[in-house]
There are 2 protein chains.
Amino acid sequence: MKRTTSKRLVTISDVAQSAGVSKATAARVLGSYGTASPVVKEKVREAAKRLGYQANELARSMTTGKSKTIGVIVGDIENPYFGQAVRGISDAAHAAGFDVILSNSGEDAAKEKAAVRVLLGKRVDGLIVTPASVYETQHLHEIQRSGRPLVLLDRTIPDLAVDAVVTDDRQAAEAATRALIEAGHRRIAYISATEADDPIYRGPHQINLSTVMERIEGVVAASRSAGIENPERYIRLGANRRGEGDKIISELLQGADRPTAILASDNVVALEVFKTLRRLGMSIPQDLSLIAFHDADWTSVTSPPITVIAQPVYDLGFESAQILVRRITGSGDAPRCRVLATTLIKRQSIGAPPEIQESPAVLQNNAAKIG
Amino acid sequence: MKRTTSKRLVTISDVAQSAGVSKATAARVLGSYGTASPVVKEKVREAAKRLGYQANELARSMTTGKSKTIGVIVGDIENPYFGQAVRGISDAAHAAGFDVILSNSGEDAAKEKAAVRVLLGKRVDGLIVTPASVYETQHLHEIQRSGRPLVLLDRTIPDLAVDAVVTDDRQAAEAATRALIEAGHRRIAYISATEADDPIYRGPHQINLSTVMERIEGVVAASRSAGIENPERYIRLGANRRGEGDKIISELLQGADRPTAILASDNVVALEVFKTLRRLGMSIPQDLSLIAFHDADWTSVTSPPITVIAQPVYDLGFESAQILVRRITGSGDAPRCRVLATTLIKRQSIGAPPEIQESPAVLQNNAAKIG
DNA sequence: TTGACATGTGAGACCGGTCTCAAATACGCT
DNA sequence: AGCGTATTTGAGACCGGTCTCACATGTCAA
């Protein structure tokens, strides 16, 4: 039974004693600071190895005040979008010698707040957050007050002067809308997954994510400059909840004056559009044109392949972590908002709008004629 | 300039002093242990609030020996499969009052080892690991030796007596293979994403993941019992690297005696099959039948929709975290391996095998005839 | 030989909590 | 009032590292 006693772990004092030196000396060797003679170094290292010593990072962090850990709070890890971003963060962090503590807010500001407290309590050296709301931000200010750097990911908060890394949502939405207009569309819908009290868009007060607002502005701006009146009427929100998406989409498509093109805020919504269309017996791009945000790998394999707005999600994460690390290491320049460019990848989900589309019956005729 | 001095954070001593009580008393109130009179409690809480006190969890962990944190090492967070699992872990952990530190091994045993050291150094209360190799497991034994509970996720290690939560890969592969056999197939390929020195399967020594081995056994067993000779010849490995997948698949499909059905180890591989088939001018299910592991949401929206083996990934994560928490809290029963059931979801990617398939030319004929 | 200075080492304070223990106070009861 | 017991409180050790500082030793030049 020659086993390390599992009750108490080996400490630096144990090593020191075993090596016949003082605790301070052993610490110097094992912590790689101060000085020690080669002979002593060797003795201590040998003893450490023999005893299976492993530094207690908690104790270390407590005295140094640095934990070499960054906290990340993300809307939903299950979402591949964030999965990729987290991978980027993780890679950049590890490359710089930092670990990552991950938390899920579920896009709920209250949970986000709780997560902040926990991470602050764990004394992370800095945080990366995808804020769930532009309104509830006291806890983000609290981070600032605690003196720890904060980087916002994917979204910004107007009144918070911190670094942020986002994509050019406004321009992306504008470009996508323009592409649809060029194809002849005049009735263009934007369907967002963002949580809202009412699926029908009534105004900016309903929106609590900067990205969503930017995109809506992009769609509206592009529509307006093409002389389209009241483009807001085709904007729909809250298509994320199961079942809800189908309802919103089918009502939109079966209503009078239905849109001939849809811009989907993410893949999940795009998927929902696909399913609803199939149920309704409509097809892309004959009956409806579609563009989706996020170039998930599968979007190229549907029939037809979907035209998407490709976002550099991994880079979003990677950059934000790099910026955070730089802040932690201590750079004093003013906070900046970095905007990463998106690309419109044209595939085959855009076509000319059907000439007449008063009722579903007509639609089916139409589809038969074309297909 | 009424601001909390950002240099040093508020400690329990500060609160104690401000409330006019001893450090010990303040600690008792704020740490919710021991006793204190209502009056004192109120005074301390008020002072804590006023000063913006936030407990230093590091210090707390150091004395108590518990960090209320679990470490998770996963093959690749970017992969939606693990994304879902992590979500499950995260939910279960938070519900039990634990936080999660996440690490990425990139399916590399060396990185996994490094991650273990780091997490152990951070004194996590327990770990959940998806081991990258059944061979390199010293570090996992090290975890055991440190006395901290370990739960294996998705994969097992034969000589390691710890809890594990996996899916019934063997049976799943068997059922899928049987489904293909019932449809008339006799030449069934299994294409795995697992890293290997050689894409052609030579024997178990190449495989370092329990799941992969189980699945191969399942495919082989089902094939054998249907009287199929040498089913191993259609097994291919290492289809994960970009470009490599296409090469492996197209070579397999263009070779003599090509398989008429493919079982793909995950979505990424299935996607690759889709793309390669399109490039080759072949179609599903006329020229080739396909079953894929993992029921990603998009698999129902391709044409044809893909028949998949649905795995309870979220539950996999959720259960493993629950088990880990139970171990941490201290349950002494022998380690168990929990096996979660998968379901074969039949969609439309399985058809009868084409009668003759010597050359691609014949294939095209065939496709035209059927389509 | 001695003084100046670099280098190696150990004692002990410290980080911010928890926890043990003993003293102080309050309470109940005869 | 007087005593036993329960409750509240404070002093100080402790967790496992880091870090300051004083002291011991070694090296070299004057």
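Numbers restart at 1 for each chain; the letters A, B, ... are given by sequence-line order, proteins then strands.
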Check: Excluding sequence neighbours, so at least two apart, what forms ring-ring contact (aromatic ring centres under 6.0 Å, His included) with A/Tyr81?
Finding: A/His294
Looking only at atom types and distance, does a side-chain atom of [X] sit under 3.5 Å from a main-chain N or O of [Y], one as donor and one as acceptor?
X: B/Thr137; Y: B/Leu140; value: no
X: B/Ser320; Y: B/Val151; value: no
X: A/Ser210; Y: A/Thr156; value: yes
X: A/Asp14; Y: A/Thr11; value: yes
X: B/Arg148; Y: B/Leu120; value: yes

Note to self: Let me check the geometry of the helix from C/dT1-D/dA30 to C/dT30-D/dA1. What is the bend angle between the axes at its two ends, five pairs each, to 10°?
What the structure shows: 40°
With respect to the side chain of [X], which nucleotide from [options] is positioned closest?
X: B/Asn56; options: C/dG16, D/dG16, D/dT18; value: C/dG16
X: A/Ile12; options: D/dT18, C/dG17, C/dG16; value: D/dT18
X: A/Ser22; options: D/dG16, C/dA11, D/dG10; value: C/dA11
X: A/Thr25; options: C/dT18, C/dT9, D/dG17; value: C/dT9

Roughly how many Å is it from [atom1] in [X] to [atom2] in [N], rounded to a whole number?
X: A/Leu58; N: D/dG17; atom1: CG; atom2: C1'; value: 10 Å
X: B/Met62; N: D/dG17; atom1: CE; atom2: P; value: 9 Å
X: A/Lys66; N: C/dG16; atom1: NZ; atom2: P; value: 13 Å
X: B/Tyr53; N: C/dG16; atom1: OH; atom2: C1'; value: 8 Å
X: B/Arg60; N: C/dT18; atom1: CZ; atom2: P; value: 4 Å

Next item on the list: Sorted by first residue and then second, give each side-chain hydrogen bond (donor to acceptor under 3.5 Å, both in side chains) pair with at least one member in residues 27-46 of chain A; sequence neighbours left out.
Entry: A/Glu46-A/Arg50
Check: Is there any side-chain hydrogen bond (donor to acceptor under 3.5 Å, both in side chains) pair reaching into residues 117-127 of chain B, and which pairs are they, with sequence neighbours excluded?
Finding: A/Thr69-B/Lys122, A/Asp99-B/Lys122, B/Ser67-B/Asp125, B/Arg117-B/Glu142
Notebook entry, point to check: Who are the side-chain hydrogen bond (donor to acceptor under 3.5 Å, both in side chains) partners of A/Glu107, not counting sequence neighbours?
Noted result: A/Arg155
Next item on the list: Taking only Lys NZ, Arg NE, NH1 and NH2, and the carboxylate oxygens of Asp or Glu, determine whether A/Asp333 and A/Arg327 approach each other closer than 4.0 Å.
Entry: yes
Checklist line | Note, B/Leu58 side chain near B/Met62 side chain (heavy atom, < 4.5 Å) | finding: no
Check: Sequence neighbours excluded, which residues qualify as side-chain contact (heavy atoms from CB on, under 4.5 Å) partners of A/Ser90?
Finding: A/His94, B/Ile77, B/Asn104
Check: Listed by chain and number, what are the side-chain contact (heavy atoms from CB on, under 4.5 Å) partners of A/Val162, not counting sequence neighbours?
Finding: A/Gln144, A/Leu150, A/Leu152, A/Leu160
Notebook entry, point to check: Reading nucleotides 19-24 of chain C 5' to 3', which nucleotides get B (base under 4.0 Å from a protein heavy atom), which S (sugar-phosphate only), which -?
Noted result: B-----
Note to self: With side chain to side chain contact (heavy atoms under 4.5 Å, CB included) as the test, pick out the partner of A/Ile89 among A/Leu324, A/Ile70, A/Leu102.
What the structure shows: A/Ile70
Margin query: If you take any heavy atom closer than 4.0 Å to DNA chain C, which residues from residues 36-44 of chain A end up in contact?
Written below: A/Ala36, A/Ser37, A/Val40
Next item on the list: List in numerical order all residues of residues 119-127 of chain B for which some heavy atom is under 4.0 Å away from an atom belonging to DNA chain C.
Entry: none
Checklist line | Whether over 12 other heavy atoms sit under 6.0 Å from B/Gln17 CD | finding: no
Checklist line | Listed partners of A/Arg338 passing salt bridge (charged side-chain N to carboxylate O under 4.0 Å, His left out), at least two apart | finding: A/Asp163
Dump the pairs, protein N or O against N or O of nucleotides 4-6 of chain D, anything under 3.5 Å, distances to one decimal.
none

